[in-house]
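A short worksheet on the structure shown next.
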Amino acid sequence: MPVARSHLKDLDYSVVQQCMHCGLCLPSCPTYDATRLERNSPRGRIALMRAIADGRLEPSRAFADEMYFCLGCLACMTACPAGVNYAELFEHARAEAEQSGVLRSSRRNLIRRFTLRWLFMDLARLHLAGRALRLYQELGLQTFARLSGLLNLLPKRLRELEAMTPPIQDQFSSGLISPLTRPIGPKKYRVAVLVGCAQDLIFSDVNRDTVEVLARNGCEVVTPPEQHCCGSLHAHNGEWELAQQLARKNLDQFPPEQFDAIITNAGGCGSHLKHYGKLLAGDSACENRARAWDGKVKDIHEWLVQIGLQAPSADQPAQTVTYHESCHLCHGQKVTAQPRQLLKTIPNLVLVELPESSWCCGSAGIYNLIQPQMADALLERKLKHIRSTGAPVVATGNPGCLLQIINGAHRQGWNLRVAHPVTLLAEAYRRDNPAALNPCA
């Protein structure tokens with residue numbers, strides 16, 4: 001009878017033992033900052049992981065709950081002087097929790113089977129769900145349900161989840177972007193754009209803006225209408241094999257040797273996309289291509305600064321903007337200066353630094369769904385700092401952060417604009433030459 005795999009016992013032990021227990025990560029950890037409990041810190045969690053790797057502890061419900069209480073924000077990786085790869089440990093620890101089955105229940109199994117193993121394994125299914133939700137919103141059924149008090153019949157948690165339902169775009173990315181977009185001016189590069197999952201349904205306009213900005217900067221842009229999930233949602237929630245399946249599909253759809261860069265505009269997706277080599281290590285058919293892929297994946301801010309983006313004209317309206325850093329863009333990809341550089345190329349834009357700009361907003365993938373109390377506390381902290389800047393616009397480079405801050409501001413009745421930096425740049429370009437401007441059409 002085959003022995004079930006242990007993700008932590010099979011992991012390279014040097015990764016597990018790298019933590020020196022110095023505690024320099026503690027002030028950077030939002031959950032430890034809130035509770036002051038050692039088990040809620042990176043150091044405490046790594047001690048639990050190592051105990052399992054050493055065979056001194058078996059996976060338990062308490063262990064699994066702790067791994068899912070972690071945001072996975074990776075701020076500890078930025079703080080760590082020893083270079084501990086907490087991202088790798090975190091993913092394998094959640095996979096260990098799922099492999100052990102200690103969290104299984106009929107309700108949880110049904111939810112995971114529907115979302116991770118069915119809905120997000122085929123974006124055609126996700127689009128179908130998005131169209132149904134769009135119809136629910138456009139027919140006024142959502143407004144009726146909210147104003148009539150009908151939602152009061154639901155349990156409190158379901159009411160909270162319904163309140164977080166995002167507006168679905170009138171068109172998905174495939175309706176806004178041509179499969180091939182020619183550059184405006186001489187062709188300098190050939191790139192591919194990944195449209196994402198949540199980004200495609202909720203912020204397809206950001207994908208359009210991304211393609212437009214790339215075209216204005218000498219890029220021929222390939223954007224296939226039918227794409228696949230990057231697999232980050234699966235890898236971060238213990239579904240290692242599904243994440244590997246999706247990685248292989250992306251390698252087939254976007255052969256890295258055919259592009260100068262593979263562009264992502266979602267911080268959380270990009271952090272995962274840059275590590276296909278590690279995800280597919282040992283796969284003789286894909287490992288070398290995956291390593292080549294890792295070198296080609298670029299965040300949109302990173303790529304534009306690398307190639308030297310064209311500045312918009314000086315005739316731009318004055319605007320004041322602050323910038324919230326997506327955790328996985330900042331701590332996972334180490335892309336921190338480039339978004340600010342992009343914003344500063346826009347004439348008459350004043351960038352006000354946000355206190356605790358790299359502190360998590362509480363979105364963290366689906367964290368705000370599974371840990372609402374902690375997520376709300378982090379959101380309140382973030383909104384307080386945004387208010388302190390006096391900026392009417394906050395820019396951020398991740399769909400989860402965009403939606404989290406939009407929902408938080410809406411609950412407070414605050415008319416705050418939340419936008420992706422690339423959208424602000426695209427708007428400035430359109431003011432330069434509105435007639436030339438939709439290369440995506």
Side-chain angles (χ1 to χ4, degrees), residues 171-196 199-200 203-228 230 250-266 269-270 273-274 276 289-316 333 335 337-339 341-347 397 420-441:
Q171 289 183 292
F172 302 137
S173 300
S174 59
L176 297 173
I177 305 168
S178 297
L180 180 67
T181 302
R182 302 291 182 187
I184 297 175
K187 174 183 171 181
K188 300 176 183 176
Y189 308 98
R190 186 172 191 265
V191 304
V193 165
L194 305 173
V195 299
Q199 190 86 294
D200 190 18
F203 302 110
S204 56
D205 55 331
V206 174
N207 288 332
R208 178 204 61 210
D209 295 339
T210 298
V211 172
E212 184 175 317
V213 164
L214 288 165
R216 286 184 170 276
N217 284 276
C219 296
E220 179 183 73
V221 188
V222 177
T223 317
E226 297 179 2
Q227 298 191 21
H228 305 284
C230 70
N250 279 306
L251 286 173
D252 289 339
Q253 186 168 39
F254 299 97
E257 64 276 7
Q258 294 183 11
F259 302 100
D260 295 302
I262 299 167
I263 305 296
T264 173
N265 55 19
C269 298
L273 285 160
K274 290 182 175 182
Y276 275 6
R289 292 177 67 217
R291 287 174 179 162
W293 164 282
D294 291 352
K296 291 292 180 72
V297 173
K298 301 289 181 183
D299 172 73
I300 181 62
H301 312 90
E302 177 185 25
W303 174 249
L304 289 171
V305 169
Q306 179 180 324
I307 65 175
L309 74 157
Q310 171 190 337
S313 73
D315 187 20
Q316 299 290 332
Q333 299 188 57
V335 174
Q338 296 94 323
Q341 290 174 259
L342 183 153
L343 291 168
K344 288 177 180 178
T345 65
I346 302 174
H420 197 292
V422 80
T423 292
L424 298 178
L425 180 59
E427 290 172 350
Y429 283 153
R430 289 180 198 128
R431 295 186 194 105
D432 284 354
N433 188 358
L437 259 265
N438 198 353
C440 309

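Bear in mind that the values here come from a model prediction, so they are computed numbers and not experimental data.
Across S174 and P225, no two heavy atoms sit closer than the pair CB-CB, 3.8 Å. Listed here is the closest heavy atom pair of C230 and N250: CA-ND2, 3.7 Å. For the pair G175 and Q171, the tightest heavy-atom approach, listed with the atom from each and the gap, is O-NE2, 3.4 Å. Residues C219 and V191 approach most closely at CB-CG2, 4.1 Å, considering heavy atoms. The shortest heavy-atom contact between P256 and I262 is CA-CD1, 4.2 Å. Contact record, Q316 with D432: NE2-OD1, 3.3 Å, taken as the closest heavy-atom pair.
To the nearest 0.5 Å, atom CG of residue D200 and atom CG of residue L194 are 11.5 Å apart. Expressed to the nearest 0.5 Å, how far CD of E427 lies from CD1 of I346 amounts to 8.5 Å. With values rounded to the nearest 0.5 angstrom, K296 atom NZ is found 11.0 Å from I263 atom CD1. In this structure, NZ on K188 lies 12.5 Å from CG on D260, to the nearest 0.5 angstrom. Expressed to the nearest 0.5 Å, how far CG of L214 lies from OG1 of T181 amounts to 9.0 Å. To the nearest 0.5 Å, atom OG1 of residue T264 and atom CD1 of residue I300 are 9.5 Å apart.
Ring geometry for H301 against H420 counts as parallel: the plane angle stays under 30°, on a 0 to 90° scale with 60° as the upper cut.
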| task | Give the C-alpha distance, both sets of side-chain angles, the deciding distance and a yes or no for side-chain contact (heavy atoms from CB on, under 4.5 Å) between N207 and L176. | result | CA-CA 9 Å; N207 288 332; L176 297 173; over 6 Å; no
| Worked verdict on Q199 versus N265 for side chain to side chain donor-acceptor pair (under 3.5 Å) | CA-CA 9 Å; Q199 190 86 294; N265 55 19; 2.8 Å; yes
| request: Just do the side-chain contact (heavy atoms from CB on, under 4.5 Å) check on T345 and Q310 with the steps written out, would you? | output: CA-CA 8 Å; T345 65; Q310 171 190 337; over 6 Å; no
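Taking the charged nitrogens against the carboxylate oxygens, R430 and D209 do have a contact shorter than 4.0 Å, which makes a salt bridge.
Residues P347 and P312 meet the side-chain proximity criterion, which asks for heavy atoms closer than 4.5 Å. Contact check for L180 versus E220: side-chain heavy atoms found under the 4.5 Å cut-off. Residues Y276 and V297 are not in side-chain contact: their nearest non-hydrogen atoms beyond the backbone lie 4.5 Å or more apart. Counting heavy atoms from C-beta outward, S204 and V195 have side chains that stay 4.5 Å or more apart. The closest side-chain heavy-atom distance from D252 to R289 is below 4.5 Å. Proximity of I177 to V193: side-chain heavy atoms (C-beta onward) are nowhere separated by under 4.5 Å.
Of the options V222, V221, V422, a side-chain contact (heavy atoms from CB on, under 4.5 Å) to V211 is made by V221 and by none of the others.
Within a 6.0 Å radius of CD in Q258, more than 12 heavy atoms belonging to other residues, nucleotides or ligands are found.
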